[in-house]
Q: 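Here it is, the structure in full.
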Amino acid sequence: MDTPQNKQKILMVDDDQFLVSLYQKKAEGYPVELSTAFSGEEALSQLREGLVPDIIALDVTMAGMSGMDLLKTIRAEKLVPQARIVVLSNNNENDLAKDMQDLNVSKFIMKASLLPSQVFDELLSVAHIK
C-alpha cells in the first residue's frame, strides 16, 4: 500500500547498526520511507504507538526479543496486519520454515549470502520498486 507521497514505508529491525546505516544510505535514492529499530522491543513500541509500515524487515537473531518473537507478538496483537514481512537471517531457512509459514512471511532473505545492497534490492522487490 503506497503512502500519499507514493513512498513505501519500511520498518527495518536489526541490531547491527552498521548494516542499518548501509540500508539507510541505499534507501536515499528510492521512493521509500525507512524507519529503523535496533531491537524487537523498540520496533514493538513504535508499532504500538501508531507506526504503520507497508513492509517490516526483521532480523531473526537479536539480543533480547528475537525477530520471530517480535513477529509472533505483532500477529497476536494484530498490529499492522496488512504489512508484508521480510525475514532476514544468517540461519538456514529450513529451521524457520514452519514458523515463517504460520506467521505469513512474504520473503526470507539469507543475509550472509548477499551484500547489504543486494539485501536492500530484495526489499525493493517486495515493495514492487525497481
Side-chain angles (χ1 to χ4, degrees):
M1 141 188 312
D2 286 352
T3 65
Q5 300 81 21
N6 204 29
K7 287 188 173 189
Q8 291 279 302
K9 290 184 179 181
I10 300 174
L11 173 59
M12 173 65 64
V13 186
D14 196 319
D15 59 356
D16 185 329
Q17 294 187 12
F18 177 72
L19 273 179
V20 171
S21 71
L22 294 176
Y23 300 141
Q24 288 173 314
K25 188 71 174 160
K26 178 85 175 181
E28 291 173 3
Y30 294 92
V32 298
E33 183 180 317
L34 186 66
S35 299
T36 59
F38 296 106
S39 70
E41 295 87 355
E42 182 182 354
L44 197 54
S45 176
Q46 290 180 27
L47 294 169
R48 286 175 175 158
E49 290 173 7
L51 178 66
V52 182
D54 299 296
I55 297 170
I56 300 173
L58 55 90
D59 186 24
V60 171
T61 307
M62 294 185 288
M65 177 183 279
S66 75
M68 293 311 285
D69 288 341
L70 169 62
L71 182 51
K72 288 174 185 176
T73 303
I74 289 170
R75 293 300 194 221
E77 293 184 17
K78 297 180 174 44
L79 298 168
V80 294
Q82 81 292 351
R84 289 161 287 180
I85 306 296
V86 177
V87 171
L88 307 171
S89 181
N90 288 322
N91 298 327
N92 186 328
E93 178 179 3
N94 294 333
D95 297 339
L96 303 168
K98 174 106 175 74
D99 279 343
M100 289 190 301
Q101 183 179 12
D102 292 345
L103 296 168
N104 194 23
V105 170
S106 298
K107 187 166 188 97
F108 175 85
I109 299 173
M110 187 75 158
K111 290 192 308 184
S113 64
L114 299 172
L115 296 171
S117 62
Q118 292 171 311
V119 170
F120 196 80
D121 289 343
E122 291 290 324
L123 286 177
L124 294 175
S125 75
V126 172
H128 307 293
I129 297 171
K130 299 184 185 252

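Scope of the values below: all heavy atoms of this structure, side chains included, with no hydrogens, waters or symmetry mates.
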Q: Find out if a path of hydrophobic residues (ILVMFWY) with successive side-chain heavy-atom gaps under 4.5 Å connects Val52 to Val86.
A: no

Q: Same cluster or not: Val60 versus Met62, using hydrophobic residues (I, L, V, M, F, W, Y) connected whenever any side-chain heavy atoms lie under 4.5 Å apart?
A: yes

Q: Scan side-chain atoms only and decide if Glu77 and Thr73 contain a donor-acceptor pair under the 3.5 Å cut-off.
A: no

Q: How long is the straight-line distance from CG of Leu88 back to CE of Met110, given to the nearest 0.5 Å?
A: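 So the gap between those two atoms works out to 11.5 Å.
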
Q: Drop me the distance from Met68's CE to Thr61's OG1, to the nearest 0.5 angstrom.
A: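 Nearest 0.5 Å value for the CE-OG1 distance: 10.5 Å.
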
Q: So how far is it from Gln118 CD to Leu123 CG, rounded to the nearest 0.5 Å?
A: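 Output value for this atom pair is 12.5 Å.
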
Q: Using the rule that Ile, Leu, Val, Met, Phe, Trp and Tyr join whenever any side-chain heavy atoms are under 4.5 Å apart, tell me whether Ile55 and Leu114 fall into a single cluster.
A: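 Yes; Leu114 is reachable from Ile55 via cluster members.
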
Q: Quick one: pull up CD1 in Ile85 and CG in Asn104 and give me the separation to the nearest 0.5 Å.
A: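 If I round to the nearest 0.5 Å, the distance is 8.5 Å.
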
Q: Kindly indicate whether the side chain of Ile56, heavy atoms from C-beta on, has any atom under 4.5 Å from the side chain of Leu71.
A: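 No, every pair of side-chain atoms sits at 4.5 Å or beyond.
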
Q: Evaluate side-chain contact (heavy atoms from CB on, under 4.5 Å) for Leu79 paired with Arg48, printing each intermediate quantity in order.
A: CA-CA 7 Å; Leu79 298 168; Arg48 286 175 175 158; 4.2 Å; yes

Q: Give every donor-acceptor pair under 3.5 Å between a side-chain atom in residues 10-23 and any protein atom, sequence neighbours left out.
A:
from	atom 1	to	atom 2	distance (Å)
Asp14	OD1	Asp16	N	2.9
Asp14	OD2	Lys111	NZ	3.1
Asp15	OD2	Ala63	N	3.3
Asp16	OD1	Phe18	N	3.1
Asp16	OD1	Leu19	N	3.0
Ser21	OG	Phe18	O	2.6

Q: Please enumerate all residues that pass side chain to side chain donor-acceptor pair (under 3.5 Å) together with Arg75, with sequence neighbours excluded.
A: none

Q: Treat each ILVMFWY residue as a node, draw an edge where side-chain heavy atoms are under 4.5 Å apart, and state whether Val80 and Val87 are in one component.
A: yes

Q: Please round to the nearest 0.5 Å and tell me the distance separating atom CE of Met65 and atom CG of Leu58.
A: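 Reported to 0.5 Å precision, the distance equals 11.0 Å.
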
Q: With sequence neighbours excluded, tell me which residues meet side chain to side chain donor-acceptor pair (under 3.5 Å) with Ser35.
A: none

Q: Could I get the full list of side chain to side chain contact (heavy atoms under 4.5 Å, CB included) partners for Ser39, not counting sequence neighbours?
A: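 Listed in chain order: Glu41, Glu42.
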
Q: Check Glu33, Arg84, His128 against Gln8 for a side-chain hydrogen bond (donor to acceptor under 3.5 Å, both in side chains) and give me the one that passes.
A: Arg84

Q: Any salt bridge (charged side-chain N to carboxylate O under 4.0 Å, His left out) involving residues 19-32? Give me the pairs, sequence neighbours left out, ordered by first then second residue.
A: Lys25-Glu28, Lys26-Asp121

Q: Under a 4.5 Å side-chain heavy-atom rule over Ile, Leu, Val, Met, Phe, Trp and Tyr, are Leu51 and Ile74 clustered together?
A: yes

Q: About how many Å separate CG of Asp59 and CG of Asn90, when rounded to the nearest 0.5 Å?
A: 7.0 Å

Q: If I compare all heavy atoms of Pro53 with all of Gln82, which pair ends up nearest, and what's the gap?
A: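 It is O-NE2, 3.7 Å.
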
Q: Side chain to side chain donor-acceptor pair (under 3.5 Å) with Gln24: which residues, sequence neighbours excluded?
A: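 Counting only residues at least two positions away or on another chain, Gln24 forms no side chain to side chain donor-acceptor pair (under 3.5 Å).
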
